[in-house]
There are 2 protein chains.
Amino acid sequence: MVERGGSGVPGGRRKQRVSMADVAKLAGVSSQTVSRVSNGHAGVISSTREQVLAAMRELGYRPNSAARALRYGRFNTIGVILFSLASTGNSRTVEAIATHAAAEGYAITLIPIDVPTQDNVLGAFTRMGELAVDAVIVIMEIHLVDTGTVQLPPGVHVVVVDSDAGDRYSVVDTDQAEGARKAVRHLLDLGHRTVWHVTGPETSFAGQRRTQAWREVLEEAGRPVPPPLHGDWSAESGYAAGLALAEQDGCTAVFASNDQMALGLLRAFHERGRRVPEDVSVVGFDDIPDAAFFVPPLTTVHQDFAEVGRRCVRGVLQQIRTGDGSPPGTDLVPTSLVVRGSTAAPRSG
Amino acid sequence: MVERGGSGVPGGRRKQRVSMADVAKLAGVSSQTVSRVSNGHAGVISSTREQVLAAMRELGYRPNSAARALRYGRFNTIGVILFSLASTGNSRTVEAIATHAAAEGYAITLIPIDVPTQDNVLGAFTRMGELAVDAVIVIMEIHLVDTGTVQLPPGVHVVVVDSDAGDRYSVVDTDQAEGARKAVRHLLDLGHRTVWHVTGPETSFAGQRRTQAWREVLEEAGRPVPPPLHGDWSAESGYAAGLALAEQDGCTAVFASNDQMALGLLRAFHERGRRVPEDVSVVGFDDIPDAAFFVPPLTTVHQDFAEVGRRCVRGVLQQIRTGDGSPPGTDLVPTSLVVRGSTAAPRSG
DNA sequence: GCCCTCGATGTTTACGTAAACATACGCGAC
DNA sequence: GTCGCGTATGTTTACGTAAACATCGAGGGC
């Protein structure tokens, strides 16, 4: 007699899962009473309750969440669509989302998109539409998804991170512009005549905002705007930019659009004998944990990813609870400048 | 007349979701025919199929995955329990898991545990037990969870990462010992008399294995074993260790149990005027993307997180498909040593 | 003692889907 | 023409849960 899952448990749970009916039969009550005990409802006499609990333990009963979801019409799950977990920001945001969602009794379903093509994104949304989620948080350039006919399934609540689509969706993001302004002003305040800039990739809204704010601050201050060097977030691209900047005699201050690229800058300047901060000041963006231990420790703009995650969860939960769609609007989380050893007044100043 | 969700769509979808019955009514067929069309079954004449598809489009029909899961008894979802996404390794592993699971038609549900207390872990498993998952991947010290009465819900398939519980569970992990051996041997081969070591936290199985392998290599080679310095993975702890090591005149080579701590070492040595690699060689572990841009570029042990994630998914899918429980065994992913600029022969050598 | 009330528990039903079974129709073979 | 078979479609049912409704018995007020 072939039997799988035997495993010698009293009561011999066999192949299939234990349902309320099984518990009810063993406890000698109706399945409705089991349901009442399972959900902690009042109106069950304690002796009955004990019997049911004992039967549950013996059989190893666990509620079937599919049936519950079907019954209630809710899944208690939030979907997160993202392009990559590789960046510090994304993984920290996701972690904060997961933590806060868990505190509210929601689980997180992750849908990664390996290559951000229109097809893949469309596929993710389709899958997500069929998926057991009550709401969706999109951590991604929304312009990648809402060109063309792609649209979020109706009735799904959405919050978007890293986007300028605040006119159409609920957007939560770090205040990129404010952060970049702080970085550039800090360098100008130190006495630098102007500030060079290494950008993020052009497809990044956050990168665009930072670059735009850098330009604005310089223009407002009436300073020359050097041509920006294009990076792609990687330390390698920062390194390449650094090698180029090391040749620019007039360059005394650089604002890198993230910390990784700043790290590349530091290495390039070190190799070319340009001392930081004596010859060149460098400011990054993100405040990754390692930034304090770069050589020299990096002055950078601190992003509060945990707060971004918290507000994302708050936003979707509000939508779920009120039953409203995604109310347009942008919720910006402030940044703070962390001054460390990579910035100083220019020597000539 | 107050109505929510109106939004001017033809057919005026109102509050609730569209079911097969709605589509069937509009198309003038039975719901079973809608089901057949939805699942691409044969035996539906093309004119009927077209009618149904048109009705689906008009109503914006999406299948209800809760009902499907209830019907099929499967969720097509894998749960991932983890302690933190903050470390490069974990987030990269999770990303790989998510990507490979998606390729197999599975989604990922994330259950983070903010503080690894017994209660929290137990709670996570309970929640996970009730959750809509077919299998679970645990990225965590298993000894934290299986002391005491905590046990995985029966019938749930499990793969564990970062654990020595290969005798009880399916374990997938980087071959920590092999990697650490490569690192230490590399330093000995360069001519260093011995190798100092900065450990990971004691609660980390991976850290323990690396430290153990470091000790074994030194003992096998008949070299003195310096007292290990205790770190906690953070750059800060590496920095503290570095300040201490800078005072040790005999210290010409250090193996740090991860790259972050190696970064802290580099900064400490730089501050104390100990040149790397001329005075001291440093090797890390992980090969985070930034490691190549440290000053100097870090020699380190490369972990293939993507492969770990792939094998995790393969493991649980196999369990799901065969219906077996978690077969004990340890699946080790090999590492490779990446030699960069932070190691050299000792000056006296 | 009778009826009413209320508390404890049982029964019915619906949630959305899809397998299993049932029906109905058309067409070819005799 | 009728029988039989196969194809297209409809009907019934089950999945596990829990709300809504039903029942049953005990205790109290008159």
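Residue numbers begin at 1 in each chain, while the letters A, B, ... track the order of the sequences.
The two residues B/A24 and B/S30 come nearest to each other via the heavy atoms CB-C, 3.6 Å. When all heavy atoms of A/A66 and B/A69 are compared, the pair lying nearest together is CB-CB, 3.7 Å.
Sparse packing is recorded around CD of A/Q318, with 12 or fewer heavy atoms of other residues, nucleotides or ligands lying under 6.0 Å away. Atom CD of B/Q32 has more than 12 neighbouring heavy atoms from other residues, nucleotides or ligands inside a 6.0 Å radius.
Using a 4.0 Å heavy-atom distance criterion, A/S19 is classed as a sugar-phosphate-only contact. Among the heavy atoms of the strands, none lies under 4.0 Å from A/S38. Counting any heavy atom pair closer than 4.0 Å across all strands shown, B/V34 reaches no nucleic acid atom.
For the pair B/L110 and B/L85, the minimum side-chain heavy-atom distance is below 4.5 Å.
Both tests hold for A/R74 against A/Y72: distance to the six-membered ring centre under 6.0 Å, angle to the ring axis within 45°.
A/I45 has its CD1 atom 12 Å from the P atom of D/dA26, to the nearest Å.
Remark: B/T33 is in phosphate contact with D/dG10, judged by side-chain N or O atoms under 4.0 Å from OP1 or OP2.
Each of B/R36 and A/S31 lies near DNA chain D, and the nucleotide nearest B/R36 is the one positioned closer to the 5' end. Residue order along DNA chain D, read from the 5' end via each residue's closest nucleotide, puts B/V44 first among B/V44 and B/L70.
From the 5' end on, the contacts that DNA chain C makes with chain A at under 4.0 Å to a non-hydrogen atom open and close at C/dA8 to C/dG16.
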